[in-house]
Q: 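This is the structure, below, for whatever I ask next.
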Amino acid sequence: MIVEHALLHIKPGRTGDFEQAMLQAKPLITCQPGFKSIELRRSSGQENQYLLLVEWDRIESHQDGFRKSSEYEKWRTLLHDFYEPMPSVEYFGTSLFND
């Protein structure tokens with residue numbers, strides 16, 4: 001299992017529109033082969049910051065699957081204009097705690 005992590009900085013005054021766009025975009029990622037789960041959490045300290053966590057069965061499901069799909073192009077159209085700067089994506093492996 002791989003966790004994709006992206007810290008999203010949303011342009012000021014656009015958080016409401018971003019949240020609506022994310023609701024529209026969610027089905028584009030949840031239908032992907034290898035997709036497991038998605039979480040979007042708003043920062044408690046910075047109004048325009050969100051944490052996106054997506055679980056995949058393996059890294060290739062995101063990089064070679066979703067990122068090269070027509071659904072990703074729709075995802076980009078819906079969401080990428082909200083980011084400033086563009087987020088970097090990191091991947092994390094198996095948890096050290098299995099409880």
Side-chain angles (χ1 to χ4, degrees):
M1 182 86 59
I2 294 294
V3 176
E4 170 195 353
H5 165 285
L7 195 56
L8 310 176
H9 298 275
I10 307 305
K11 293 174 183 174
R14 309 262 338 257
T15 57
D17 292 337
F18 166 71
E19 290 178 7
Q20 288 301 312
M22 185 57 84
L23 288 172
Q24 291 177 323
K26 184 181 173 190
L28 299 170
I29 197 170
T30 60
C31 70
Q32 296 300 306
F35 170 85
K36 298 298 182 189
S37 69
I38 186 170
E39 289 183 51
L40 181 66
R41 297 179 181 216
R42 186 183 311 183
S43 171
S44 61
Q46 295 186 37
E47 180 182 335
N48 296 337
Q49 187 170 286
Y50 293 79
L51 174 63
L52 176 66
L53 299 170
V54 183
E55 286 185 330
W56 299 95
D57 62 349
R58 55 196 187 101
I59 198 168
E60 293 82 7
S61 295
H62 181 245
Q63 291 180 337
D64 299 330
F66 181 53
R67 283 272 180 104
K68 294 181 180 176
S69 71
S70 61
E71 288 87 1
Y72 181 71
E73 292 304 316
K74 295 173 189 170
W75 174 277
R76 282 182 46 184
T77 298
L78 283 167
L79 298 172
H80 282 203
D81 187 50
F82 291 103
Y83 307 142
E84 191 173 276
M86 285 299 293
S88 64
V89 174
E90 299 290 334
Y91 300 95
F92 297 85
T94 306
S95 173
L96 298 177
F97 305 109
N98 293 317
D99 47 321

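The figures that follow rest on heavy atoms only: side chains count, while hydrogens, waters and symmetry mates do not.
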Q: Nearest 0.5 Å please: distance from the CG atom of Leu78 over to the CD atom of Gln24.
A: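 It comes to 5.5 Å.
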Q: Find out if a path of hydrophobic residues (ILVMFWY) with successive side-chain heavy-atom gaps under 4.5 Å connects Val3 to Met22.
A: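 As far as the 4.5 Å side-chain criterion goes, Met22 and Val3 are not connected within one cluster.
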Q: When clusters are formed by joining ILVMFWY residues with side-chain heavy atoms under 4.5 Å apart, either directly or through shared neighbours, do Phe82 and Ile38 land in the same one?
A: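 Same cluster: Phe82 reaches Ile38 through Ile, Leu, Val, Met, Phe, Trp or Tyr contacts under 4.5 Å.
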Q: What pair of heavy atoms forms the shortest contact from Ile59 to Ile2, and how long is it?
A: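 In this case the closest contact between Ile59 and Ile2 is N-CG1, 3.6 Å.
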Q: When you measure from the side chain of Gln32 to the backbone N and O of Leu28, does any donor-acceptor pair fall under 3.5 Å?
A: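 Present.
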Q: Kindly give the heavy-atom pair with the smallest separation between Leu79 and Ala25, and that separation in Å.
A: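 Between these two residues, the closest heavy atoms are CD1-CB, 3.7 Å.
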Q: What are the two closest heavy atoms between Pro87 and Leu8, and how far apart are they?
A: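 What the structure gives for the nearest pair is CG-CD2, 3.5 Å.
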Q: After noting the C-alpha distance and the side-chain angles of Tyr91 and Gln63, does the key distance pass the side chain to side chain contact (heavy atoms under 4.5 Å, CB included) rule?
A: CA-CA 11 Å; Tyr91 300 95; Gln63 291 180 337; 3.4 Å; yes
Q: Minimum heavy-atom separation for Glu47 to Thr15, with atom names?
A: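 So the two residues come closest at O-CG2, 3.7 Å.
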Q: If the plane angle is over 60° it's perpendicular, under 30° parallel, otherwise tilted; pick one for Tyr72 and Phe66.
A: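 Tyr72 and Phe66: perpendicular rings.
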Q: OG of Ser61 to CZ of Arg67: how many Å apart, nearest 0.5 Å?
A: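 Rounded to the nearest 0.5 Å, the OG-CZ separation comes out at 13.5 Å.
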Q: Filter on salt bridge (charged side-chain N to carboxylate O under 4.0 Å, His left out), then keep only pairs touching residues 18-36, sequence neighbours left out; what's left?
A: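 Of all non-adjacent pairs touching residues 18-36, those that pass salt bridge (charged side-chain N to carboxylate O under 4.0 Å, His left out) are Glu19-Arg42.
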Q: What's the separation between atom CD in Glu55 and atom CD in Glu4, rounded to the nearest 0.5 Å?
A: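 Here the interatomic distance stands at 11.0 Å.
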Q: Do you know which two heavy atoms are closest between Trp56 and Pro33, and how far apart they sit?
A: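 Looking at all heavy atoms of both residues, the shortest contact is CZ3-O, 4.1 Å.
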Q: Rounded to the nearest 0.5 Å, what's the gap from CD on Glu73 to NE2 on His80? Could you check?
A: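 With rounding to 0.5 Å, CD (Glu73) is 9.0 Å from NE2 (His80).
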Q: Can you tell if the side chain of Asp81 reaches within under 4.5 Å of the side chain of Arg14, non-hydrogen atoms only?
A: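 Side-chain contact under 4.5 Å: yes.
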Q: Checking Glu60 now: which residues fulfil side chain to side chain donor-acceptor pair (under 3.5 Å) with it, not counting sequence neighbours?
A: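 Checked Glu60 against side chain to side chain donor-acceptor pair (under 3.5 Å); matches are Arg58.
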Q: Is Met86 reachable from Leu53 through a run of hydrophobic residues whose side-chain heavy atoms are each under 4.5 Å from the next?
A: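 Unlinked, Leu53 and Met86 end up in two clusters.
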Q: To the nearest 0.5 Å, what is the distance between CD1 (Ile29) and CH2 (Trp75)?
A: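 With rounding to 0.5 Å, CD1 (Ile29) is 4.5 Å from CH2 (Trp75).
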Q: Could you tell me the separation between the CE atom of Met1 and the CG atom of Asp57, rounded to the nearest 0.5 Å?
A: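 Answer rounded to 0.5 Å: 8.0 Å.
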Q: Does Tyr83 form a side chain to side chain contact (heavy atoms under 4.5 Å, CB included) with Ile10? I'd like the steps, not just the answer.
A: CA-CA 5 Å; Tyr83 307 142; Ile10 307 305; 3.8 Å; yes
Q: At their closest point, which heavy atom of Leu23 faces which heavy atom of Pro27, and how far apart are they?
A: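 Looking at all heavy atoms of both residues, the shortest contact is O-CD, 3.5 Å.
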